[in-house]
Amino acid sequence: EVQLVESGGGSVQAGGSLRLSCAASGYGYNSAYAMAWFRQAPGKGREGVAAFDTDGTTIYTDSVKGRFTISRDNAKNTLYLQMNSLKPEDTAMYYCAAGAGVYRDGGLDIGSEGDYGYWGQGTQVTVSS
């Protein structure tokens, strides 16, 4: 069973920054997994934020491009999401996910919730005006 544990969430004012971490471990973990960040606001569906594949390819949803950066430390089996210039609209529970990677039309795609087999418990991010 693969275990994913997120940390780094909290409350911040608009324009501030946070860095989220996701540590992967457990029997069955494979460093070849692609990894991604999703988020879910109250009353909303879970949406993909960013993904990182084993070859270093990254993809971001339009609303966070230029503000968020996804990265991965393979030696530590840890995924990161650096979030800058945060907006109230970024307020959500953020989840880490691992899967096989999703490619479409020649490039990496974040995919949807069903494309990932392993999920963390989530970490809350709250951005105030």
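In terms of heavy atoms, Ala92 sits closest to Ala41 at CB-N, 3.9 Å. Among all heavy-atom pairs drawn from Ala50 and Tyr60, the shortest one is CB-CD2, 3.6 Å. For the residue pair Met35 and Ala24, the shortest heavy atom distance occurs at CE-CB, 4.5 Å. When all heavy atoms are compared, the tightest approach of Tyr116 to Asp109 is OH-O, 4.4 Å. Shown here for Thr123 and Gly9, the closest heavy-atom pair between the two residues is OG1-N, 3.1 Å. Pairing each heavy atom of Ser129 with each of Pro88, the nearest pair is OG-CG, 3.6 Å.
Taking the side chain as every heavy atom from C-beta outward, Thr91 and Gln124 approach each other to under 4.5 Å. By the 4.5 Å heavy-atom criterion applied to side chains, Ser17 and Gln82 are counted as neighbours. Side-chain atoms of Cys96 and Tyr118, non-hydrogen and from C-beta on, never get closer than 4.5 Å to each other. With a 4.5 Å cut-off on side-chain heavy atoms, Leu108 and Phe52 do not count as touching. By the 4.5 Å heavy-atom criterion applied to side chains, Arg39 and Arg46 are not counted as neighbours.
Of the possible donor and acceptor atoms, one in the side chain of Thr78 sits under 3.5 Å from a partner among the backbone N and O of Lys76. Remark: the backbone N or O of Gly122 is paired with a side-chain donor or acceptor of Glu6 at under 3.5 angstrom. Panel note: side chain Arg67, backbone Ser85; a donor-acceptor pair is recorded below 3.5 Å.
Judged by a 6.0 Å distance limit and a 45° cone about the ring axis, Arg72 is not positioned over the six-membered ring of Tyr80.
There is no path of hydrophobic side-chain contacts, each under 4.5 Å, that joins Ile110 to Tyr94. The same ILVMFWY cluster, assembled from side-chain heavy atoms under 4.5 Å apart, contains both Val12 and Phe68. By the rule that hydrophobic residues join a cluster once side-chain heavy atoms approach within less than 4.5 Å of another member, Val64 and Phe38 end up as members of separate clusters. Follow the hydrophobic side-chain contacts under 4.5 Å out from Ile59 and you never reach Leu81; the two are in separate clusters.
Atom CG of residue Leu86 and atom OG of residue Ser11 lie 11.5 Å apart, to the nearest 0.5 angstrom. Here the OG-CG distance, from Ser7 to Leu20, works out to 8.0 Å after rounding to the nearest 0.5 Å.
Ring-plane geometry between Trp119 and Tyr95 is classed as perpendicular, the angle between the planes exceeding 60 degrees on a 0 to 90 degree scale with a lower cut at 30.
Within 6.0 Å of CD on Gln121 lie no more than 12 heavy atoms contributed by other residues, nucleotides or ligands.
Using a 4.0 Å cut-off between charged nitrogen and carboxylate oxygen, Lys87 and Asp90 do not count as a salt-bridge pair.
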Check against side chain to side chain contact (heavy atoms under 4.5 Å, CB included), Val127 and Gln13 = CA-CA 5 Å; Val127 185; Gln13 291 187 323; over 6 Å; no

